[in-house]
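Here is the structure we will look at.
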Amino acid sequence: MQNIKFLTRIPTGMSYLLHREHNWGQPIFFTIETINTCNFRCVYCPQSDPASHFVNGQGTMSFENFKAIVANLRSAFNVGIVSLHGDGEPLLNKRLEEYIAHLTGLGICVTVASNCSLISPDRAKRLIASGLRLMATDFCADAALYERLRVRGKWQATLDGMRNMLQAAAEAKADFRLVIKDFATQNCPPEQAGPIMKATRELFPQERDRVTVMPIYFHNALGESLVNLNESPAANPMAVYTLCHQPWVNFTVDYAGRVIGCSRDLRSEHVVGNLLEQPAAEIWNGPRMLNLRHALVSKRPQDINICSKCDAPWHGSYSGRTAAAKIRSFFFSRVWKR
């Protein structure tokens, strides 16, 4: 089965490596945002300034629209993994377990990225029972650093939420993983990052086999991060352009059913279609998506509103800073093989 999944990704990978604007393959990752509200005001997130952030609306995707969107995607693509998050905190959607269970019933692996602050023991049991396979979060063993970056967040409450998930998974003997991107590794040399991540991993002594701790890489996505934790492209004349992978591997849907060109387009500023109005296949290689890929292939990110403000073309991203690193991330990441 893993070999079949790998083979289906080859046309997508080749389209990216050969800089083809018309993608020969299908998306590898699907993201559906069911809610775009958050209970935190992290210093690195555009939600820290809600007055100017929600220029394209705020709301929750209805379960009926969700099912229609999933059906549309499955009519065009082999949907294997769906991430139920986007601009907001997904657990603020009180019915999130129903959305997860719907996908699980279709044989789809479901993941979320959460701040893990809203996970009571009972909620953890319901999330595990619904079929949730992976939860990702930003965290660290340094409580003071965590609470400085995660405004409104409480370190202990977040740790308790993660432990609740792990305990529920252990009790249910469920196939579940927790992935932590460690705040404290930002800009750390490799020899220093190892001990830092070890300290975070040791917070979960009973469930180490379910916990993956990774180094974090912040970049000023779309120019909207309120705290830019990396140097700007202009400050580094030796920066080398790297082709962004987003329009070749990701298919991202916001709470209103709009398809956006990048999973980091948190304000839905570059809409390429709407799954409540158009077939998914029509959008994937439609004119707006082709135009986006063309601008990036031509090394003209400045021609696209969201790309012109982003440092990823010059610094890479969390998926890698070279084409080879990104391909390894797409195809060989041990986190996604489960």
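Remember, it's a predicted structure, so these values are computed and weren't measured experimentally. Heavy-atom basis, side chains included; hydrogens, waters and symmetry copies ignored.
Take Asn115 and apply the side chain to side chain donor-acceptor pair (under 3.5 Å) test, not counting sequence neighbours, and it matches Asn39, Glu89, Ser117. Annotation: ring pair (Phe, Tyr, Trp, His ring centres under 6.0 Å) contacts of Phe66 (sequence neighbours excluded): Tyr99. In this structure Glu98 satisfies the salt bridge (charged side-chain N to carboxylate O under 4.0 Å, His left out) test together with Arg95, sequence neighbours excluded. The ring pair (Phe, Tyr, Trp, His ring centres under 6.0 Å) search around Tyr255 returns none, not counting sequence neighbours. Considering only residues two or more places apart in sequence or on other chains, Arg163 meets the salt bridge (charged side-chain N to carboxylate O under 4.0 Å, His left out) condition with none of them.
Between the Ser15 side chain and the Trp24 main chain, a donor and an acceptor come within less than 3.5 Å of each other. Put simply, the side chain of Asn164 gets close to the backbone of Asp160: a donor and an acceptor are under 3.5 Å apart. Side chain of Arg150 to main chain of Thr158: no donor-acceptor pair is present (N/O by atom type, distance under 3.5 Å, no hydrogens or angles). Checked by atom type and distance alone, the side chain of Tyr146 never pairs as donor or acceptor with a backbone atom of Gln156 at under 3.5 Å. No donor-acceptor pair closer than 3.5 Å links the side chain of Glu207 to the backbone N or O of Gln167. With hydrogens and angles ignored, the 3.5 Å screen pairs a side-chain donor or acceptor of Asn72 with a backbone N or O of Leu275. Here the side chain of Arg177 pairs a donor or acceptor atom with the backbone of Asp209 at under 3.5 angstrom. Checking side-chain atoms of Asn65 against main-chain N and O of Gly257 turns up no donor-acceptor pair under 3.5 Å. Distance alone, capped at 3.5 Å, places no donor-acceptor pair between the Asp254 side chain and the Ser268 backbone.
A continuous path of Ile, Leu, Val, Met, Phe, Trp and Tyr side chains, each step under 4.5 Å between heavy atoms, connects Ile28 with Ile32, placing both in one hydrophobic cluster. Under the 4.5 Å side-chain heavy-atom criterion for Ile, Leu, Val, Met, Phe, Trp and Tyr, Ile196 and Ile180 are members of distinct hydrophobic clusters. Under the 4.5 Å side-chain heavy-atom criterion for Ile, Leu, Val, Met, Phe, Trp and Tyr, Ile260 and Phe77 are members of distinct hydrophobic clusters.
Put simply, the side chain of Asp265 does not reach to within 4.5 Å of the side chain of Thr252, judged on heavy atoms. Between Val211 and Met162 the shortest side-chain heavy-atom distance does not fall below 4.5 Å. In this structure the side chain of Trp248 reaches within 4.5 angstrom of the side chain of Leu243, judged on heavy atoms. Looking at Ile69 and Met61, their side chains come closer than 4.5 Å, going by heavy atoms from C-beta outward. Within the 4.5 Å cutoff, side-chain heavy atoms of Asp138 are placed close to those of Tyr44. Side-chain contact check for Gln246 versus Arg264: some heavy-atom pair is nearer than 4.5 Å.
The distance from atom OG of Ser263 to atom CD of Glu33, rounded to the nearest 0.5 Å, is 11.0 Å. The CZ atom of Phe30 sits 8.0 Å away from the CG atom of Asn78 when rounded to the nearest 0.5 Å. A distance of 10.0 Å separates NE2 in His19 from CG in Leu296, rounded to the nearest 0.5 Å. Interatomic distance, Leu91 CG to Leu118 CG, rounded to the nearest 0.5 Å: 6.0 Å. Atoms CZ and CG, from Phe251 and Leu73 in turn, are 5.5 Å apart once rounded to the nearest 0.5 Å. Atom CG of Leu84 sits about 9.0 Å away from atom CG of Asn93, to the nearest 0.5 Å.
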Worked verdict on Leu103 versus Val79 for side chain to side chain contact (heavy atoms under 4.5 Å, CB included): CA-CA 10 Å; Leu103 293 172; Val79 183; over 6 Å; no

Audit row: Val43, Arg148, side chain to side chain contact (heavy atoms under 4.5 Å, CB included) steps and yes/no: CA-CA 8 Å; Val43 299; Arg148 179 172 67 82; 5.8 Å; no

Stepwise side chain to side chain contact (heavy atoms under 4.5 Å, CB included) test for His270 and Cys262: CA-CA 8 Å; His270 194 80; Cys262 174; over 6 Å; no

From CA spacing to verdict: side chain to side chain contact (heavy atoms under 4.5 Å, CB included), Arg74, Ile108: CA-CA 10 Å; Arg74 294 181 76 234; Ile108 296 170; 4.2 Å; yes

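Minimum heavy-atom separation, Leu145 to Cys140: CD2-SG, 4.1 Å. The two atoms that bring Gly131 and Ile100 nearest to each other are C-CG2, 4.0 Å, heavy atoms only. In terms of heavy atoms, Gly153 sits closest to Phe40 at CA-CZ, 3.3 Å. Here the shortest heavy-atom pairing between Leu92 and Thr37 reads CD1-O, 3.3 Å. Closest heavy-atom contact between Trp155 and Leu203: CZ2-CD1, 4.0 Å. Closest heavy-atom contact between Met214 and Thr212: CG-CG2, 3.9 Å.
Tested against Thr200, the residues Asp182, Asp142, Thr185 include a single side-chain hydrogen bond (donor to acceptor under 3.5 Å, both in side chains) partner, Asp182.
For the residue pair Thr137 / Ser114, no side-chain donor-acceptor distance below 3.5 Å is found, with atom types taken as modelled.
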Distance-only criterion, 3.5 Å: show the donor-acceptor pairs between side-chain atoms of residues 281-295 and protein atoms not counting sequence neighbours.
residue	atom	partner	partner atom	Å
Glu282	OE2	Gln278	NE2	3.1
Trp284	NE1	Gly25	O	3.0
Asn285	OD1	Asn23	N	2.8
Asn285	OD1	Arg293	NH1	2.8
Asn285	ND2	Asn23	O	3.2
Arg288	NE	Val271	O	2.5
Arg288	NH2	Val271	O	3.2
Arg293	NE	Pro247	O	2.9
Arg293	NH1	Glu21	O	2.9
Arg293	NH1	Trp284	O	3.3
Arg293	NH2	Pro247	O	3.0
Arg293	NH2	Trp284	O	3.0
His294	ND1	Glu21	OE2	2.8

